[in-house]
Structure formats: C-alpha cells, structure tokens
There are 2 protein chains.
Amino acid sequence: MQKLKQHKEIITYAVAMAFLLLILRFLEYRFLILQHEFEIYAGIIAILFLLFGIWLSSKIRKPKVETVFIEKEIKIFKNDFIINEKAISTLKISPRELEVLSLMAKGLSNQEIADSLFVSLNTIKTHSSNLLEKLDAKRRTQAIENAKKLQILAPTLE
Amino acid sequence: MQKLKQHKEIITYAVAMAFLLLILRFLEYRFLILQHEFEIYAGIIAILFLLFGIWLSSKIRKPKVETVFIEKEIKIFKNDFIINEKAISTLKISPRELEVLSLMAKGLSNQEIADSLFVSLNTIKTHSSNLLEKLDAKRRTQAIENAKKLQILAPTLE
DNA sequence: TTTTCTCTCATCCTTTCGTATGATTTTAGT
DNA sequence: ACTAAAATCATACGAAAGGATGAGAGAAAA
C-alpha cells in the first residue's frame with residue numbers, strides 16, 4: 001500500500017498512456033476500414049499525443065527551486081542584564097559588600113550609605129576598602145566601572 | 001527586422017510545426033501503401049508528437065518557480081547608544097569637560113586625567129567642579145551616574 | 001573693538017575617600 | 001564546641017576630591 005502511494009505519479013502516467021493507446025486502438029478499428037479517412041485519423045493521433053506531451057511535460061518537469069533568504073532581525077537588548085553570580089563568588093564579594101557597591105554606583109557618599117544601611121561610617125569604609133581590593137581598583141569610580149564590566153552591577157540605562 | 005526578433009519564438013514553433021507536418025506527409029506517402037505497416041506509422045506519429053508536445057511545453061510554459069523562504073536570524077545587539085546632544089547643550093557642558101567626564105567614568109583619578117590630557121591637576125579640578133555643578137552632583141560618582149542617565153555618557157557594557 | 005566663552009592654572013581650605021590595623025559580635029558550617 | 005566567614009565598629013593618617021575665588025590667554029561672536 002505504501003509503495004502504491006510512493007509510485008502514485010508513475011502509475012498515473014502509465015494509466016494515462018494506456019488510456020491513450022486504447023483510444024488509438026479504438027480509432028484504428030473504427031476508421032481503418034475507411035482508407036480515405038486516414039489523414040483525419042493521423043491528425044487526431046498527432047493532436048492527442050501533442051496535448052498528452054504537453055500535459056506530461058508539465059507533470060514531469062521539476063519545479064525550479066528558488067531559495068529566498070529572509071533576513072529576520074532579532075534585536076537583542078543588552079538590557080536583559082543577568083547578574084554574574086560566578087564573578088561575585090570568585091571575587092568573594094559578600095552580600096553586604098554588594099549592597100554597599102550598588103549604593104556606591106548610585107553616587108552615594110560613604111556617610112549616606114552608612115545612614116541608609118543604619119551602620120556607622122567606619123563600617124562602610126571597611127566594606128569600601130574590601131571592595132576596592134576585591135575589584136582590583138584604586139578608586140570607587142574604578143570599582144564601579146569594573147563591577148559593571150564584570151556584570152556584577154547593572155548598567156546605568158535611562 | 002525588429003519584429004522578426006520579437007516574434008522569434010513564435011516563428012521557431014511555427015517552423016517546427018511545419019517540419020513535423022512535413023514528416024507526417026512524407027511518412028504518409030512512404031508507408032500508406034503498405035497497409036500492414038500502419039500501426040508502426042501511427043506509433044511513430046504518436047511518439048513524434050508526444051516528444052514535440054513535451055519540447056513545446058518546455059518552451060512555452062513559464063518555468064515553474066518554487067520559492068522557498070528561509071528565515072535567517074540576524075542578531076542585532078542593541079547598544080546603539082546615541083549621545084544626547086541636547087542634554088549636553090542645555091547643561092552647557094563644554095567639549096573639554098565632556099572629555100574629562102568620560103575619563104572620570106573610566107575610573108581615572110584627577111591626576112591621571114591631567115596626565116593623559118597634558119594639563120595641570122588644577123585644571124582638571126576646575127573642570128571637575130564645573131561638571132559637578134552642571135550635572136547637579138555632589139560627588140564624581142553621582143555625576144557619572146547622572147550623565148549616564150541623561151545619555152551623555154555611554155553605559156558600561158562588557 | 002569689545003564682549004563672551006572656553007580653557008587654562010593657581011591658592012587656600014574643607015570634606016571625603018582610602019589604608020592599615022585591631023577588635024567584637026553574629027552567623028553558618030564542621 | 002570549634003572554626004571560618006561576615007559584619008560590625010574604631011582610631012589615625014595620608015591621599016584624593018571638592019569648593020571658592022581669582023586670573024590670564026586665545027578664539028569666536030557681537
């Protein structure tokens with residue numbers, strides 16, 4: 001059954017061919033006796049097979065495949081920021097330090113950070129110092145820049 | 001002459017057709033006398049016109065074009081950062097100040113900025129002070145943050 | 001020519017930041 | 001119970017950063 005389906009086209013052509021030959025036979029026995037009708041008979045055959053050829057051709061011919069590449073632009077927003085947890089753990093930055101770091105990046109002073117976290121200025125200074133060392137920075141501005149490059153901090157976007 | 005060229009194909013088909021009919025005639029006079037050879041004659045006509053039909057079809061018919069659309073994904077990273085010229089002009093930030101600002105954002109100290117711009121530390125301090133006032137900031141970290149929010153500086157992306 | 005702007009540099013002073021060091025307390029894991 | 005890491009706080013000093021102010025040089029606009 002599957003093979004029948006696979007060779008469906010070939011079978012179709014074969015049937016069509018057989019049908020044409022049958023017509024041929026029919027015409028042969030019908031008109032052969034009448035000698036003078038031969039030209040008409042030949043003409044019919046010619047037209048018939050001409051048409052058959054045209055039809056066959058359209059079926060047989062493989063369609064030209066034209067491949068068109070549609071360039072689909074996929075905009076990737078670099079805003080889909082994912083915190084680089086690995087960097088944080090490898091640099092051994094503690095949660096509290098990270099907290100301080102993010103407030104630093106917002107432009108707060110040590111005193112302001114201390115106030116908002118309800119700890120002393122000295123505590124923030126210690127965190128700050130540790131952060132600078134862990135982030136290999138000499139200044140807080142550099143620390144912030146490095147942290148953003150390492151995707152430890154989200155980029156500042158409007 | 002031009003018309004000849006324009007109808008070149010049609011003429012070709014006409015000539016081919018005429019040629020085939022000529023063969024038909026020839027075969028007619030050649031084999032008609034021999035009655036028993038009629039089947040062969042009919043077969044030849046059939047094959048001939050079948051082939052002619054196929055050939056004709058291939059010439060006449062427009063080639064079947066099957067268009068295959070393939071979506072090609074093009075990743076576009078959207079860090080298409082555009083400097084907010086308006087903000088710069090409304091805040092009256094001078095080119096030199098902008099230069100200092102961008103170096104600041106990279107984490108350089110005033111001394112390092114002075115060295116890289118071949119000016120004195122005092123000059124950079126002046127620029128820095130002016131920048132802080134223009135950007136409504138109390139600290140350089142805040143100035144940088146504000147500048148990035150105003151799209152005066154590009155965001156830090158890896 | 002005069003004015004304005006930008007860039008430059010300086011001085012004095014204050015504030016903030018950063019380093020070094022030590023100590024206490026809490027939390028979490030062994 | 002012991003240990004290690006984290007968080008807290010402190011003191012003291014030195015290094016940057018920031019504020020206020022004045023001033024000179026050069027270019028461009030009025």
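Chain identifiers are assigned alphabetically (A, B, ...) following the order of the sequence lines, protein sequences preceding nucleic acid strands; residue numbering begins at 1 within each chain. From a predicted model like this one, the values you see are computed outputs, not experimental measurements.
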Next on the checklist: At 4.0 Å (heavy atoms only), tell me whether B/Lys125 reaches a base, stays on the sugar-phosphate, or touches nothing.
Outcome noted: base

Item to check | Rounded interatomic separation in angstrom, taking CG from B/Asn110 and C1' from C/dA10 | outcome: 15 Å

Item to check | Test side chain to side chain contact (heavy atoms under 4.5 Å, CB included) applied to A/Ile82 and A/Gln151, step by step | outcome: CA-CA 7 Å; A/Ile82 312 136; A/Gln151 288 178 296; 5.9 Å; no

Item to check | Nucleotide interval of DNA chain D bounded by contacts with chain A (heavy-atom cut-off, under 4.0 Å) | outcome: D/dA6 to D/dA17

Next on the checklist: From CG of A/Asp136 over to P of C/dT19, roughly how many Å is that when rounded to an integer?
Outcome noted: 11 Å

Next on the checklist: Quick check on DNA chain C: between A/Leu132 and B/Pro95, whose nearest nucleotide comes earlier from the 5' end?
Outcome noted: B/Pro95

Item to check | Interatomic distance, A/Ile124 CD1 vs C/dT16 P [rounded to whole Å] | outcome: 15 Å

Checklist entry - Between B/Thr123 and C/dC9, does any side-chain N or O lie under 4.0 Å from OP1 or OP2? => result yes

Checklist entry - Does B/Lys134 or A/Ser128 map to a spot on DNA chain C nearer the 5' end, using the closest nucleotide for each? => result B/Lys134

Checklist entry - Once you round it to whole Å, what is the distance between P of C/dC5 and CD1 of B/Ile88? => result 19 Å

Checklist entry - Please give, in whole Å, the distance from C/dC9 P to B/Leu121 CG? => result 11 Å

Item to check | Length of the line joining B/Phe118:CZ and C/dC7:P, which is rounded to integer Å | outcome: 18 Å

Item to check | Pairing of B/Lys148 and B/Glu145 as salt bridge, 4.0 angstrom limit | outcome: no

Checklist entry - From C/dT6, C/dG18, C/dT8, pick the nucleotide closest to the side chain of B/Val119? => result C/dT8

Checklist entry - Can a side chain N or O of B/His127 be found less than 4.0 Å away from OP1 or OP2 on C/dT8? => result yes

Checklist entry - Nearest-Å distance, CZ (A/Arg96) to C1' (C/dT27)? => result 14 Å

Item to check | Chi angles and distances behind the side chain to side chain contact (heavy atoms under 4.5 Å, CB included) call for A/Ile124, A/Leu103 | outcome: CA-CA 11 Å; A/Ile124 300 303; A/Leu103 291 176; over 6 Å; no

Item to check | Pair listing, salt bridge (charged side-chain N to carboxylate O under 4.0 Å, His left out) test, anchored in residues 113-130 of chain B, at least two apart | outcome: none

Checklist entry - Taking OP1 and OP2 of C/dG18, is either one under 4.0 Å from a side-chain nitrogen or oxygen of A/Ser129? => result no

Checklist entry - Is A/Glu112 paired with B/Arg139 through a side-chain N to carboxylate O contact shorter than 4.0 Å? => result yes

Checklist entry - OP1 or OP2 of C/dC9 sitting under 4.0 Å from any side-chain N/O of B/Thr126? => result no

Next on the checklist: Atom CD of residue position B/Glu99 - does it have more than 12 heavy atoms of other residues, nucleotides or ligands inside 6.0 Å?
Outcome noted: yes

Checklist entry - How far apart are the C-alpha atoms of B/Ile113 and B/Met104, what are their side-chain angles, what is the distance that settles it, and do they pass the side chain to side chain contact (heavy atoms under 4.5 Å, CB included) test? => result CA-CA 8 Å; B/Ile113 296 170; B/Met104 258 189 191; 3.9 Å; yes

Checklist entry - Separation of B/Leu98 atom CG from C/dC7 atom C1', in whole Å? => result 15 Å

Item to check | Presence of B/Arg139 side-chain N/O under 4.0 Å of C/dT16 phosphate oxygens OP1/OP2 | outcome: no

